[in-house]
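Every chain is numbered from 1, with letters handed out A, B, ... down the list of sequences.
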2 protein chains.
Amino acid sequence: MVANAGPAPRTRQRAKSSQMHARIVDAFIECLDRHGYAAASIGRVLDCAGVSRGAMQHHFPAKADLVVAVAERLMQTSLEVVAVSARRRERVVADELAAMWTRLVDTRAYRALLEILNAMRTDAALRARVQPTLAHWNEAFERRALVLYRPAGGDPAEVRELLVLVRCALRGLVIQASIAPDAALTRAVVRRLIDLVAPRLLPRDADAPAEPSPAPARTAPRRA
Amino acid sequence: MVANAGPAPRTRQRAKSSQMHARIVDAFIECLDRHGYAAASIGRVLDCAGVSRGAMQHHFPAKADLVVAVAERLMQTSLEVVAVSARRRERVVADELAAMWTRLVDTRAYRALLEILNAMRTDAALRARVQPTLAHWNEAFERRALVLYRPAGGDPAEVRELLVLVRCALRGLVIQASIAPDAALTRAVVRRLIDLVAPRLLPRDADAPAEPSPAPARTAPRRA
DNA sequence: TTCAAAACAGTACGATCGTATTGTTTTTGC
DNA sequence: GCAAAAACAATACGATCGTACTGTTTTGAA
């Protein structure tokens, strides 16, 4: 529950504290990515971060606190990544979706988050604690999406459902790419997904016309 | 490595043995689905199956043996499910994809398999042991797919890539549906996926013409 | 019938997990 | 400067994990 955000640490103590806090969190993220949720034990995180057991106990009285803190930080980070990616002026839908893979999903941070999300499936207590942040995360995504895109088919639910579909597909692709590494296939699948979804999402404020997409985009024209 | 398939058990001993074998495997699958990979400990499986530690030791000397056996059984089972689903005469692509969700993915068995697949991401030893079966599994899927479907775009790689996309999307949707249960949204996303993919997969042997798909299928016409 | 092997049962052991506990250093408010 | 609190360090403990080990029953071939 320690507020990590902001330039807060005025005193010297809080500076050291939040620095240690960040070291633990970063180490846990790395352990999640490299060893998975089950093997991301406290001892391993301690070794990875180079901190003592007492420090861990002080900042995170229980392991669940650490997991929740990391989950919340990862979700916040992912929102920032998406925001940065959208602040660009180009606004080509296909490029934004492609960036969603390279900059957001195919990332150490997202793989770590995926481990937590998957753990939430069977851990009711964890699910209950992360649920609020997760809901806020989803809402933020959808609110942004509805501002940026309008459905090609006219159905207002289409944007939301398509973006859930994209997220799920990329999520599943992370696992696929990890257990059967085939970079060419992975790239091809991402492109297929984009070719299918992008024509149905039209940019809302036309700073640039950016792909009016009258044609259903047959066989991946290598992007316009 | 005990051959599970076939009507083999001629003797009384082998009958009992394979029965016990199946009980352990089934219990492990249920534990994987309900508690996740990390919490699917031997003790829990023992309680769930109601067998002794000695029996477990006899049939599966190490836990990895159990995991591998279960992974292989689950993959084999999923192949059978797909085969049954394809033997029907209707051959409507959209229906087949829909069945892939309800009969294959949204299933206790597949959730268990997903736990193992996800564990393979970070467990190199497990990945190495399951890799051959996994490769065979993927090949079988793709071979069948290439027999049943032809690409609407002419690109022969399209069928393979689209089916990988479908599998990944449904895989990610399993997690989504578990951590944020919204049955309506889940169904809607599955339908969106089908509406996007089905028009690009044409049935090969036209027992029935079954959806020639000249129109790109705009807003989910509730299935033909 | 006999005997060895398979099948199962139950206990024991070392390792590791998460957490509680106690002690030491550093920082801060007064 | 000083007491209190925060921050960090280090050890200890109970629980659980996976596996090894020893005993008992059942089975199949001779």
Protein-nucleotides 28-30 of chain D N/O pairs under 3.5 Å:
unit_1 : atom_1 : unit_2  : atom_2 : d
D:dG28 : OP1    : B:Thr11 : OG1    : 3.4
D:dG28 : OP1    : B:Arg12 : N      : 2.7
D:dG28 : OP1    : B:Gln13 : N      : 2.8

Give the table of side-chain donor-acceptor pairs shorter than 3.5 Å for residues 114-124 of chain B, with sequence neighbours excluded, one pair per line with atom names and distance.
unit_1   : atom_1 : unit_2   : atom_2 : d
B:Glu115 : OE1    : B:Tyr37  : N      : 3.0
B:Glu115 : OE2    : A:Arg121 : NE     : 3.3
B:Glu115 : OE2    : A:Arg121 : NH2    : 3.2
B:Arg121 : NE     : A:Glu115 : OE2    : 3.3
B:Arg121 : NH1    : A:Asp33  : O      : 3.3
B:Arg121 : NH1    : A:Asp33  : OD1    : 3.3
B:Arg121 : NH2    : A:Leu32  : O      : 3.4
B:Arg121 : NH2    : A:Asp33  : O      : 3.0
B:Arg121 : NH2    : A:Glu115 : OE2    : 3.2
B:Thr122 : OG1    : A:His35  : O      : 3.4
B:Asp123 : OD1    : B:Ala125 : N      : 3.2
B:Asp123 : OD1    : B:Leu126 : N      : 3.1

Chain A on DNA chain C: first and last contacting nucleotide, 5' to 3', under 4.0 Å to a heavy atom? C:dC17 to C:dT28
Which ones in residues 111-122 of chain A lie close to DNA chain D, meaning a heavy atom under 4.0 Å from one of its atoms? none
Assign the ring pair A:His21 / A:His59 to parallel, tilted or perpendicular, where the plane angle (0 to 90°) is split at 30° and 60°. perpendicular
Could you name each residue pair satisfying side-chain hydrogen bond (donor to acceptor under 3.5 Å, both in side chains) that touches residues 164-182 of chain A, not counting sequence neighbours? A:Tyr110-A:Arg171, A:Asn138-A:Arg167, A:Arg171-B:Gln176, A:Gln176-B:Arg171
Selection: residues 41-56 of chain B, any non-hydrogen atom under 4.0 Å of DNA chain D: B:Ser41, B:Ile42, B:Arg44, B:Arg53
Tell me, which pairs form a ring pair (Phe, Tyr, Trp, His ring centres under 6.0 Å) where one or both residues lie in residues 62-86 of chain B, sequence neighbours left out? none
Sorted by chain and residue number, the salt bridge (charged side-chain N to carboxylate O under 4.0 Å, His left out) partners of B:Arg34 (sequence neighbours excluded) come out as B:Glu30
D:dC8 phosphate, OP1 or OP2, under 4.0 Å from A:His59 side-chain N/O: yes
Do A:Leu173 and A:Val105 make a side-chain contact, defined as non-hydrogen atoms from C-beta onward lying under 4.5 Å apart? no
Keeping the roles fixed (side chain from B:Arg204, backbone from B:Val147), state whether a donor-acceptor pair exists under 3.5 Å. no
Is there a side-chain contact between B:Gln57 and the phosphate of D:dA20, meaning an N or O under 4.0 Å from OP1 or OP2? yes
Check whether any side-chain nitrogen or oxygen of B:Lys63 sits under 4.0 Å from OP1 or OP2 of D:dG18, and answer yes or no. yes
I'd like to check B:Thr107 versus B:Arg103 (side-chain heavy atoms, cut-off strictly below 4.5 Å). Are they in contact? no
Which residues pass the side-chain hydrogen bond (donor to acceptor under 3.5 Å, both in side chains) test with A:Glu80, not counting sequence neighbours? A:Gln76
List in chain and number order the residues that pass salt bridge (charged side-chain N to carboxylate O under 4.0 Å, His left out) with A:Asp26, two or more places apart in sequence or in another chain; answer none if no residue qualifies. A:Arg73
When you compare the side chain of B:Cys48 with that of B:Phe28, does any pair of heavy atoms fall below 4.5 Å? no
Rounded off to whole Å, could you give me the CE-to-P distance for the B:Met20 and D:dT25 pair? 16 Å
Going by atom types only, do B:Trp101 and B:Thr186 share a side-chain donor-acceptor pair under 3.5 Å? no
Closer to the 5' end of DNA chain C via nearest nucleotide, is it B:His58 or A:Ala64? B:His58
Which of residues 24-36 of chain A sit near DNA chain D, with a heavy atom under 4.0 Å from it? none
Please name the residue in the list A:Thr133, A:Val25, A:Leu113 that meets the side-chain contact (heavy atoms from CB on, under 4.5 Å) test with A:Leu74. A:Leu113
With sequence neighbours left out, what residues match A:Tyr149 under ring pair (Phe, Tyr, Trp, His ring centres under 6.0 Å)? none
Going by salt bridge (Lys or Arg N to Asp or Glu O under 4.0 Å), A:Glu161 matches just one of B:Arg191, B:Arg192, B:Arg187. Which one? B:Arg192
